[in-house]
Colleague: 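Below is a structure I'd like to ask you about.
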Amino acid sequence: MVSLDSKLSAAVGGPTAKALGTHLDLHTVGDLLRHYPRRYVERGALTPFLDLVVGEHATVFAEVQSTDNRLVRKGLWKTDVVIRDAEGARMTLAIFNKPWVDKTLKAGRRAYFSGKAERFKNRMQLSNPDFQLVDDDDGVVTEEFAGALVPVYPAAAKVSSVTVQRSVRLALDLVDLGPDPLPDELRSRHRLVGVDQALQMVHRPASMEEVGRARQRLKWDEAFVLQVVLAQRRAVTRSLSGTPRAVRPGGLLEAFDAALPFALTRGQQDVGRELAGELGGSSPMYRLLQGEVGSGKTVVALRAMLQVVDSGGQAALLAPTEVLAQQHARSLRAMLGPLAQAGELGAGEVSTRLALLTGSLGAAPRRTAVAEAADGTAGIVVGTHALLSEGVAFADLGLVVVDEQHRFGVEQRDALRAKGTTPPHVLVMTATPIPRTIAMTVYGDLEVSTLVELPKGRAAIASAVVPLAEQPAWIGRAWQRVREHVAAGRQAFVVCPRIGGEDAEPAADGRRPAVAVLDVHLELVHGPLQGLRIEVLHGRMPAEDKDAVMQAFSRGEIDVLVATTVIEVGVDVPNATVMVVLDADRFGVSQLHQLRGRVGRGEHAALCLLVTEAEQGSPSRVRLDAVAATSDGFALSRIDLEQRREGDVLGKDQSGTRSSLKVLQLLRDEDLIVEARVEAVELVEQDPMLAGRPALRQAVLDVLDLERADFLEKA
Ligand code: ADP
Ligand code: MG
């Protein structure tokens, strides 16, 4: 009996199974049946050759017009087959060393041809294509093509769509799908076809209407199973019992609020109340705080930390990089002032200590920091991954704050959580705003709070594209603007995609290497920005050098910082007002938005210049224009996501074949995801371990396996 878990060789021949595994990463019958057609062509509709793209794998349906067979030289036969499409356009197929092929591909026969589109002597051709005749010698259409629609599969150079189609047919005929993973009641409520019918209809549809019904059902599979996974995770978190960390009057938090030089925004107050309540409860908080760059998340997090310290616990702040950890430590210390100077002269009446723990710390300071964390002297411990290492323990870890969560895996968060005597509260902060359904899916096990408004008195950031393709001289104006800002006492960032100093290989797509920090630094020092105080900052510098440069920049001792994206997150220098991003088209939309957030953090008007050689109207330019046109991070993240594949959104395998989301689109299927979430929550409440639903339980395990495999791969 063949099941979804059976090896492919149980359904298709050994060599085909091997090819599907090697080239398309399909190993089981289930993998194959979930390899859905990319599109469908109507039987008999010839594919216009005009649509072919050089270098892409294509399947065309065409009629043979003529063949020409010849021996090029000893041992090399070449057959030129001229085919034509519906418009009568012609194309040549070059077939090598198959001298018998002209007996099969006779004039008038129609077939699907799959191969890589190439340009030869300035004409498009398919070289050594795979082909599948649709009719026999008498013009009778063969069974594969008897349906009205022919599926076209994502294929590889060595495995054509036709091969996939044949294999799918074999597998569909043999497989026993077992019970449906979607509960019957759910299916009838949402009018979804059964899984067997859905697979038949997606692979062998009689009409596009059937394809639609099949896809709807398959989307539900993906959305529902994922939401069940997340609902289970939330249920587990809720069932844990932590230590309540209620607000204590007369503590650090009160003293901090009293000394705060500004009023909290409405959003900060609302979220603050929400957090305070949850921290006071015995089931651990598990919350995502998202908000625009500069929306004041750090203050919110710090207030939560102080509440926990007041109640006798400790708080840890986990940052993705050394630069950020150092910067956090510095800015938290500055905000806390005497409140963080316990044991020192001038300490506040109530006070604690803040320890910084990073990988680059020397032995002695590291010992001190580790000791302060272990005996509870440090109420707040800031650090990088170093916090996760085994030698680090806490007296009573009550709250874990994770900054920029997208750089951490669930496993890393859990490692830190495990350091609490009881499960600590968790607050994850991200400045990459994401639409609700994505948050629901990617961070689905977290509750979400959002800071929308920016603190008042922020000057707007003006953004503009500097289009070197049309206006090469404008680069000079960009440097002029930098000079003006510096002359007014402000500071500047110049951002480059690359560090340099290594042998730059041209990009895979043949573009020149992106400009590099080290080269640009030299050019600016000796050229347009001569006389200014210019330094570099990048990831290859030793940690203490990076820190020294950042501190000098914070103190205003550097006018212009030429840097990579190390400055992307968290760097907070209110006096920096101008940013020039070189080769801006090499960055993603969200990344540019993050970068831009490094300026305009103070009262002075700020400017962000996106320098590019991308041509007007090109996709890159359109993206840059969008970034220049709006500073709404949510709008930009939508644009970004629309351009990326859903698999990447989840941080899954780039090829997408292994992602658990194949038909579901996080942006377009918002309503469906919301409905699936409601259903999942209800079901998990009734039957948390899915004891009565073995088929669903198995589907959940499959998704978890994918996740785990993915994590191991990254690690
Ligand atoms: P985020 O982490 O969300 O990017 P930060 O918390 O770093 O933002 O805040 C950015 C800057 O705004 C900091 O200098 C901070 O002190 C300041 N800030 C935060 N909240 C307010 C507020 N309510 N009013 C004025 N300034 C604020
Ligand atoms: Mg911040």
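Both ligands and their constituent atoms are indexed starting at 1 by order of listing. Numbers here are sequence positions counted from 1.
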Colleague: Is the closest heavy atom of G291 to ligand 1 under 4.0 Å?
Modeller: no

Colleague: Considering only heavy atoms of T265, which atoms of ligand 1 have at least one such atom less than 4.0 Å away?
Modeller: 23 (N)

Colleague: Do the charged groups of D547 and R330 touch, with an N to O distance under 4.0 Å?
Modeller: yes

Colleague: Report the part of Q268 in contact with ligand 1, treating N, CA, C, O as backbone and CB onward as side chain, heavy atoms under 4.0 Å; options are side chain, backbone, both, neither.
Modeller: side chain

Colleague: Please list, in number order, the atoms of ligand 1 under 4.0 Å from a heavy atom of A263.
Modeller: 22 (C), 23 (N), 24 (N)

Colleague: Do ligand 1 and G296 have nitrogen or oxygen atoms that lie under 3.5 Å from each other?
Modeller: yes

Colleague: Under 3.5 Å, is there a donor-acceptor pair between the side chain of R366 and the main chain of T358?
Modeller: no

Colleague: Take atom CD of E344 as the centre, draw a 6.0 Å sphere, and report whether it contains more than 12 heavy atoms from other residues, nucleotides or ligands.
Modeller: yes

Colleague: Search all heavy atoms of R596 against all heavy atoms of S631 and return the closest pair with its distance.
Modeller: NH2-CA, 3.7 Å

Colleague: Under 4.0 Å from a heavy atom of T298: which atoms of ligand 1 are those, numbered in the order shown and with their elements?
Modeller: 2 (O), 5 (P), 6 (O), 7 (O)

Colleague: Classify the side-chain pair T577/H604 by whether it contains a donor and acceptor separated by less than 3.5 Å.
Modeller: no

Colleague: More than 12 non-hydrogen atoms from neighbouring residues, nucleotides or ligands closer than 6.0 Å to CZ on R266, yes or no?
Modeller: no

Colleague: Under 4.0 Å, heavy atoms only, figure out whether ligand 1 is touched by the backbone of R601, its side chain, both or neither.
Modeller: side chain

